[in-house]
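This report concerns only the one structure given below.
The sequence lines fix the lettering, A, B, ..., with proteins before strands; numbering per chain opens at 1.
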4 protein chains.
Amino acid sequence: MAQARGNTRQRIQDVALELFAEQGYEKTSLREIAERLDVTKAALYYHFKTKEDILIGIFEDLTRPMDELIAWGHDQPRTLETKQEILRRYQEALLAAAPLFRFMQENQATVRELSIGLTFKERMIAVIGLIQEPEFSMTDKVRSVSAIFTMHAGTFFMENIEGDAEEKHEAVLEVALDLIGQAHQGA
Amino acid sequence: MAQARGNTRQRIQDVALELFAEQGYEKTSLREIAERLDVTKAALYYHFKTKEDILIGIFEDLTRPMDELIAWGHDQPRTLETKQEILRRYQEALLAAAPLFRFMQENQATVRELSIGLTFKERMIAVIGLIQEPEFSMTDKVRSVSAIFTMHAGTFFMENIEGDAEEKHEAVLEVALDLIGQAHQGA
Amino acid sequence: MAQARGNTRQRIQDVALELFAEQGYEKTSLREIAERLDVTKAALYYHFKTKEDILIGIFEDLTRPMDELIAWGHDQPRTLETKQEILRRYQEALLAAAPLFRFMQENQATVRELSIGLTFKERMIAVIGLIQEPEFSMTDKVRSVSAIFTMHAGTFFMENIEGDAEEKHEAVLEVALDLIGQAHQGA
Amino acid sequence: MAQARGNTRQRIQDVALELFAEQGYEKTSLREIAERLDVTKAALYYHFKTKEDILIGIFEDLTRPMDELIAWGHDQPRTLETKQEILRRYQEALLAAAPLFRFMQENQATVRELSIGLTFKERMIAVIGLIQEPEFSMTDKVRSVSAIFTMHAGTFFMENIEGDAEEKHEAVLEVALDLIGQAHQGA
DNA sequence: TATGAATGAGGGTTCATTCAT
DNA sequence: GATGAATGAACCCTCATTCAT
């Protein structure tokens, strides 16, 4: 109950993300967050300027690995091997920040209006850009997009499917690698 | 302004879907819907019992083709040809009710709590069940799921990608067919 | 279900009284009344000008015996025998229109503002006037009032007490007669 | 206008009770209460969770003396003297919390559905239980009930009767004591 | 580092009532 | 003798936000 002091800001973000992911951004009120933390709403305002700000904070923290991935990908040769590595790392990043990505995916309509919305879409486009070539046929472009979406779907929707988690993740990665492989040889 | 009488119920659904898809369910207020239709909020309540009811109405109307598809698929032999046909028809259904599906996808967090939430997930699982076999390897199961998600992604996310719509749809279908083809021969 | 025609007005009053007595006047909506009768709200407005009008109609119908009692009492000699007879008849009138009186008693705050409110109070005062004499001591005046209230309490509150209904009514009457008897001999 | 701070909660209860007693619970809106206090409706919700909660708060505060009376009565010998004392104290409690009891009496239909409804009835039954014996004849049971109701009637309805308040209260108490006395010797 | 008290705006919902048909 | 469609006003309630302490 009485967690260590000085980390309130972090605790707010943790609880907020948990609730945002569980119930959605709009349906989660600051009252709820405050109650879970056993502080007052006003306390939240000491740490964050607005509700959206809490989300931005979370986003910035959890999104850094993905930014680094994008930066890293930029400097690599655009070979199939690179792309495979990107997919591997992408999956890791996805799993590491699972609640945030689940949230992003399930609250697109909301997120779109928020200042992080564009950022998120830009990031996805950036990642797709790393594995997709301009000279790809339309079909292969779709394959590239599909590879990324497969990983998203695989990470979240597949929960409803029976099977060992580890095994599922491997299968998902395999399909994604397969798709990018096909795209590449098609070109 | 003064549109033909007797179709108010339909007009409410149309405007509501438009706004729901555009801004999200929670952020769309009944006041807004009413104003667009130039009626009072109370008029909405003559036609629907609650806000959720408006959504349910829309859902039931637009979801029928998909139900028919599922029913049809049930009675077919579980051959590759059937599955290909299912994917083709699925894409059609998706495009026909595009705004609804966009809405469903972008408001998952909200929809999950609503009474239609379960229904929707059940439907997706049902469709996946039609193209996926129990004896599939995990990888091929993922391919089946991926085929469906590719179509969703392809129908909505791809808008952000340059290219002719028609051509994109064909490419999306091709990739989906490909995935199910691979899954089938893998078995 | 399909009751005889032409008596809709009466059926409205019946259902309305039932609901008013059960839930209170304010908490009973016209929608509810209409639904129970399987007609539209608008139909109620064919028969009555306002919601209050329904109540007024009920009141006028069921209150007539009491008016007649008051009129009758007025013409009688102000003897103890007369007063005893008035109490006997009062109890009968009370039981005959039990739901209305229960309603009146339990919705005084509401009824007070309604046009029948005064009427009701006037009637009670009139009845009390029939059994109470100006030269009564204050104590005996209270006894007169108490005799009437005992009957009201006895008719409604006593439901919560165990015992045969008939027997209870007799006991209630006995106490009331006793009170007026004491008042009379006290004078 | 700007009354001392920190007592807002109390002020809300005061004004609310005043209005509830005057116009009834349903007809009193939170807007009205807020306006009288020169605060916003939302302020009321800072202090109370719901409208009903305001009433519950009032009830709990004002009802305590009566609870104490019941508790006290429980520990006394069941003699006539005890019962007389109970009636005396009951009248005091009634007068001390007159507006609340007037409200309870005039809004029975409403109160019945509220969470305090049962509580109130239970309390009345408890008090009656203190002055009534199982071996009483039905008539004497009625006398016990009547004693209590006489006090209620006497405290509220008698306002409409001419006479000095103090004198009336004494007369009411006398009649009540008389009734319980008769009941007791009847046994 | 927080809290207590309050606000303004808006939410969904219900109501009695009207009126053309 | 009734309905279908709609309205205007009001309702209770919740929210993100503010600010003096």
Per-nt protein contacts along nucleotides 14-21 of chain E (heavy atom under 4.0 Å; B base, S backbone sugar-phosphate only, - none) come out as BSBBBB--

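If you measure from atom CZ of C/Arg11 to atom C1' of F/dA2, you get 13 Å, rounded to the nearest angstrom. A/Glu35 places its CD atom 13 Å from the P atom of E/dG4, with the value rounded to the nearest Å. One atom, CD1 of A/Ile12, and another, C1' of E/dT1, lie 11 Å apart when rounded to the nearest Å. In this structure, C/Asp38 places its CG atom 15 Å from C1' of F/dG1, rounding to the nearest Å. Nucleotide E/dG8 holds its P atom 14 Å from the CG atom of D/Leu44, rounded to whole Å. The interatomic distance linking C/Phe48 (CZ) with F/dA2 (C1') rounds to 15 Å, in whole Å.
Neither OP1 nor OP2 of E/dG4 sits under 4.0 Å from any side-chain N or O of D/His47. Under 4.0 angstrom from either OP1 or OP2 of F/dA2 there lies at least one side-chain N or O belonging to C/Thr8. Taking side-chain N and O atoms only, A/Tyr46 has no distance below 4.0 Å to OP1 or OP2 of E/dA2.
Pairs of residues two or more places apart, or lying in two chains, that qualify as ring pair (Phe, Tyr, Trp, His ring centres under 6.0 Å) and include a residue from residues 18-46 of chain D are D/Phe20-D/Tyr25, D/Phe20-D/Phe103.
Ring geometry for D/Phe120 versus D/Phe101: interplanar angle of 30 to 60°, hence tilted.
Between the side chains of A/Glu26 and B/Thr110, no donor-acceptor pair of N or O atoms lies under 3.5 Å.
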Could you walk me through whether A/Ile56 and A/Thr50 pass the side chain to side chain contact (heavy atoms under 4.5 Å, CB included) check?
-> CA-CA 10 Å; A/Ile56 292 176; A/Thr50 67; over 6 Å; no

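Electrostatic pairing of B/Glu60 and B/Arg64 does not count as a salt bridge here, judged by no charged N lying under 4.0 Å from a carboxylate O. Looking at C/Arg36 and C/Glu32, no side-chain N of the basic residue comes within less than 4.0 Å of a carboxylate O on the acidic one, giving no salt bridge.
A/Leu55 CG to A/Ile116 CD1: the interatomic distance, rounded to the nearest 0.5 Å, is 4.0 Å.
The side chain to side chain donor-acceptor pair (under 3.5 Å) test with A/Gln10 is passed by exactly one of A/Thr8, A/Asp14, A/Asn7: A/Asp14.
Between C/Pro99 and C/Ala21, the shortest heavy-atom contact is O-CB, 4.0 Å.
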When Watson-Crick pairs (N1 to N3 and N6-O4 or O6-N4) and G-U wobble pairs (N1-O2 and O6-N3) count only below 3.5 Å on both distances, what is the dot-bracket string of DNA chain E, with | for other-strand pairs?
-> .||||||||||||||||||||

